[in-house]
Number of protein chains: 4
Amino acid sequence: MVVIMHPDASAESIKEVIEAVQDLGLTAKVMEGESQKIVGVIGDKAKMCCLNVESFKGVEKTVNISKSYKLVSREFHPQPTVIDVDGIKIGDGSLVVMAGPCAVESKEQLLEAAQIAKAGGAQFIRGGAYKPRTSPYSFQGLEELGLKYLAAAREATGLKVVTEVTEVEAVPVVAEYADVLQIGARNMQNFRLLKEVGRIDKPVMLKRGLSATLDEWLNAAEYIMSEGNSKVIFCERGIRTYETYTRNTLDLSAVAAIKHLSHLPIVVDPSHGTGKWRMVKPMSIAAVAAGADGLIIEMHPNPAKALSDGPQSLTPESYKDLMQDVLKLSNFMHESGIKPQEI
Amino acid sequence: MVVIMHPDASAESIKEVIEAVQDLGLTAKVMEGESQKIVGVIGDKAKMCCLNVESFKGVEKTVNISKSYKLVSREFHPQPTVIDVDGIKIGDGSLVVMAGPCAVESKEQLLEAAQIAKAGGAQFIRGGAYKPRTSPYSFQGLEELGLKYLAAAREATGLKVVTEVTEVEAVPVVAEYADVLQIGARNMQNFRLLKEVGRIDKPVMLKRGLSATLDEWLNAAEYIMSEGNSKVIFCERGIRTYETYTRNTLDLSAVAAIKHLSHLPIVVDPSHGTGKWRMVKPMSIAAVAAGADGLIIEMHPNPAKALSDGPQSLTPESYKDLMQDVLKLSNFMHESGIKPQEI
Amino acid sequence: MVVIMHPDASAESIKEVIEAVQDLGLTAKVMEGESQKIVGVIGDKAKMCCLNVESFKGVEKTVNISKSYKLVSREFHPQPTVIDVDGIKIGDGSLVVMAGPCAVESKEQLLEAAQIAKAGGAQFIRGGAYKPRTSPYSFQGLEELGLKYLAAAREATGLKVVTEVTEVEAVPVVAEYADVLQIGARNMQNFRLLKEVGRIDKPVMLKRGLSATLDEWLNAAEYIMSEGNSKVIFCERGIRTYETYTRNTLDLSAVAAIKHLSHLPIVVDPSHGTGKWRMVKPMSIAAVAAGADGLIIEMHPNPAKALSDGPQSLTPESYKDLMQDVLKLSNFMHESGIKPQEI
Amino acid sequence: MVVIMHPDASAESIKEVIEAVQDLGLTAKVMEGESQKIVGVIGDKAKMCCLNVESFKGVEKTVNISKSYKLVSREFHPQPTVIDVDGIKIGDGSLVVMAGPCAVESKEQLLEAAQIAKAGGAQFIRGGAYKPRTSPYSFQGLEELGLKYLAAAREATGLKVVTEVTEVEAVPVVAEYADVLQIGARNMQNFRLLKEVGRIDKPVMLKRGLSATLDEWLNAAEYIMSEGNSKVIFCERGIRTYETYTRNTLDLSAVAAIKHLSHLPIVVDPSHGTGKWRMVKPMSIAAVAAGADGLIIEMHPNPAKALSDGPQSLTPESYKDLMQDVLKLSNFMHESGIKPQEI
């Protein structure tokens, strides 16, 4: 940490900062600038949480130098982590596609969706059994019954299952049925839930919060990893901005940033990221080009009758069209050796 | 709901929309504009959740007309709700002040803080026993022990206790010790937790989410009220914007908006709202002038040693100074009949 | 400036940074932290603009320590600047009110508005003669004719005139008629225009850009002052956020921040800041309580027929009601010695 | 326009709205909903600017149905516009690359940059001669001398020239030297400047404002087209959000949106869009995949010594590497018939 003193700070004020730092067993070094002094603090950063230097007289502000997350960082684990979901690899350079309806509505709907997903080339069926909804009067999901339908779809098609868990109490039952547990955007900082999924032995897909910084997102993953579960997959799903044409602003630069800062894989959700079915294909293609490890796409056998999020759901036809081009592109990226970035 | 058709939409497309609306038992009326047609949908809005008109051919967008929340709305309950916390009234036009440290650190610290809070004129002691923290390595709170200290401070000073509950499992124990349960910004859309505090018989203070719209915030309160608990207090604590000088951007216009849209009281948190102790006093005075029913203020006997959020904590001296001016202003507003707004 | 090296940066990389800094005639000091090194750069900051250290190998990021503005800063000029507009003082602790329609529409409309403004207690008539409008097909203002009407209103009522100048060519004519020239939010970084109004001898009211940081705003004022005109008044008018209920989010904490960082006065525009007439009064009262030096308020003799921005315009009645309470509050703040903040 | 009445609005209030609409020669139709009435307004939208219905008693809000821009819209001109810059086509499905330094610094620097740009496959040299800078003390550009160097680089390499014009007075001189005039983000709503470049016969590249909505951006282009110049190219360069890791958040969904809403071409600026050289390549590839008509990339012969924006400038080596992969991808997209979207 670097403590920036006010240009008018007295020698006394600087002395007080130094002594307080030293009292914690840390080292303080003063650097004299043109207009103001700065104090560098050296040692275990965690100790500084007990000293709020910004409240000291003469202190202008503090700047953190080292990161607060460790296990998720690229420095800690330079090689990319590959997560193996019963034979399906996420993070090894290949493309994984998760497709299906926003919400599980009925057995028929889900089976139909799974067959379409499979035929198009997806490896996962997605579908919400527990739905976090803004209004208490909206459809909240079929809960365990929905999980059973997902398991039935897996049996019928061989697809893996990814589905959201919204509360601590439901972690065991969701973990029983799902291959990958999803933590939704609204729960990205539900720390109790993060710890709970950190204690199970199933991969967790962690969606970015509605207005989460990259740093907060990485720290949320650190909560999961610090409890022992290192199978974490990031999922960029758009952030909240002032723009209202799209439901969210899909931040594809997050793919490049996460690849640089962390060893964990990242998938992209262009459906929630844009909120408009028309934009799902261009953003899917762009995500693959940017280096995403996977896509999660809303597709509904009959989007006009979907119980939730219809405007962003693809029809079976548009899903098929999207998959053809996405797979073409993904194969080409591979064969031609195009690398979005050096890590 | 109003369905706006694309300027090029065919008669066939319009017919499909109308029929789908009618199939749900709702009424559709077409209005012909200069360049495009619109279809008005009349009837129970909840039914429309099953029909995603935006996916229909020829539909440009839909606009919601009626609100999704009811119990929290001013239309439903025209008179302001006054919440009685064991004799302390919130929402009756008087000013309530909640003061204390961000986190409960020790019995001594809390008792000292409570005595200072009381002497300054506060009615509540605040202090976190369960702390949601961005990093898993930060101090996470004393949990039940912290609650016991809060109860001891109440006994010693007569102040009421407001404290955060961060998880469903902790609701019973927090409700046992606290007079008002706080739902933090990160949990504003933890719907499971909202429902849980909706089933207890204690007031709940609901902080606005980091980037929650007013509509989402009102709906979050609706979750609590729809479970039976109508003692909800809103708390504006700043929203996330691009500005980095302040920790958040305190949105005082939310006070006026909530007063207009809802009958529930609203308090303001200028400490988290600005993140800078220097700005707490001007924003407290402004909040009172804007018509807030209360303030929640971070104050620490020794902010430089606070375990959490020190930069925004007041010293006992600056707290005392703030309270003098805030109370002067509040009294004057009352006596002189200044009314921030007609409802 | 502080250069933060990557934890893995080689000794060679650090040497390159140091040498490059020294080549510019600046001093570099290395500080060794727990996990990474930092290099402090000492000397004239302006020279660093020629060296993009962030492009050097092994550099993680740089942090600016000293501010880029000088003349507008509180350090440079510790006493508050008071601007005298022909006898009306702005920044001396009293409250200045500017009121009138968004756009000058006709002589009658403006004279009527000025009489109402005057009767309510305002010192300035406001009204746009040059209107920056999002669409080229919206009403763009009466231009010089509008300025003449403003001058006529001044003559009739004794009110001073504040009006916007939107282009370099119009500076002379606007300066001929106006007492204070306004730079609108969309032109806050029209640097050519800023320089032009920096060369005249009239006060300039500089509105905050739609999404301008405090730092950018202060630097925009620096453009004006660096050309010789030190009579700059800041005007907070709301910033763009994700919230759509209000037109903008009025950032009243900017009042406290500007008072702390600069010696220049600041007024608040609650009309554009909220976009809703209903919120103008509570936000006006709050702005005064926060320590604003003035208010600029949209009021129209007949807001329902206003050519521009009607939804946020007050009627004569609501303006009168607002002024009564605002002046009551302002007087009380003065008499009772309430100080929003120590500078 | 649709006028939404408050649930409690009286019959009298509704009558007043209807009569005011009819007084303007427009038609009003009432639609009765479940909880509230709405009034549809039919006729020339421009007339409504004179009636601020939101100020009427009983009116809750208004919703605009038709768009305020015409000439730039896809409805007005269904076929994509192809802009021919002396033989180089923009918007015909091929990829155009503009490369070069942020600022023109010297003849040598620019010639070297142009040769590298050319060798890598670019069609345009970019470089700022007029630089809008946040601080008045930063390097502001070589002005006409810079333009001469750009012309010299064109002569030497055959590349076309794109460069920014920041003020009305400079339009003639910039138009004399440049092949495409750029309007920068800070000037996107400098309406006087937009009109000025609307009157010349050279293509204009219009950057998106720092926090401009798509609607404002389209309207800014409408300003140019409404003056007669229909050669407008959009340029997405990132928007301002709360995220600070990147300089801006590059909104690639804007590519899909502009393609859907307008017939004009769009290029992407991943350099300003991310502010980090490391992210320029992945975002360039993603932009091409999303369907962008071109890229504008900062590249400097020696980025560590760049006078402006070094951290985001590519070295000649990384530029070459980027171009190889970008061109490979662009060719493949063409050959394989991958279409990001149906319009």
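Labels below follow one simple rule: chain letters A, B, ... track the order of the sequence lines, proteins then strands, and each chain is numbered from 1.
When each of L261(B), V326(B), L322(B) is scored by its heavy-atom pairs under 4.5 Å with chain C, the top score falls to L261(B). Listed options A287(C), A257(C), G238(C) were ranked by heavy-atom pairs under 4.5 angstrom with chain B; first place goes to A257(C). Interface check for chain C: of the options A254(B), S336(B), S284(B), the most heavy-atom pairs under 4.5 Å are formed by S336(B). In terms of non-hydrogen atom pairs under 4.5 Å with chain C, the most contact-rich of T249(B), L252(B), T274(B), I239(B) is I239(B). Taking chain C as the reference chain and counting heavy-atom pairs below 4.5 Å, the highest number among A212(B), P282(B), G273(B) is found for P282(B). The residue among K276(B), K339(B), R240(B), M333(B) with the most heavy atom pairs within less than 4.5 Å of chain C is K339(B). Interface remark: of the candidates P270(B), A289(B), P340(B), P340(B) forms the most heavy-atom pairs closer than 4.5 Å to chain C.
Distance CD1/I116(C) to CE/M323(C): 12.5 Å, rounded to 0.5 Å.
The minimum heavy-atom distance linking D293(C) with I90(C) is given by the pair CB-CG2, 4.4 Å.
With a 4.5 angstrom heavy-atom cutoff, L329(C) touches chain B via backbone and side-chain atoms both. Proximity to chain C is limited to the side chain of T246(B), based on heavy atoms less than 4.5 angstrom apart. Only the backbone of L250(B) has a heavy atom closer than 4.5 Å to any heavy atom of chain C. The contact between T241(C) and chain B is made entirely by side chain atoms (from C-beta outward), counting heavy-atom distances below 4.5 Å.
With contacts defined as side-chain heavy-atom distances shorter than 4.5 Å, the pair V267(C)/V96(C) does not qualify. Using a 4.5 Å heavy-atom cutoff, the side chains of Q312(B) and M279(B) are not in contact.
Remark: K281(C) engages D321(C), D325(C) in a side chain to side chain donor-acceptor pair (under 3.5 Å) (not counting sequence neighbours). The side chain to side chain donor-acceptor pair (under 3.5 Å) check on R208(B) picks up E236(B), D251(B), E243(C), with sequence neighbours excluded.
Within a 6.0 Å sphere centred on NZ of K61(C), heavy atoms belonging to other residues, nucleotides or ligands number 12 at most.
Q341(B) places a side-chain N or O within 3.5 Å of a backbone atom of A256(B) that can act as its donor or acceptor partner.
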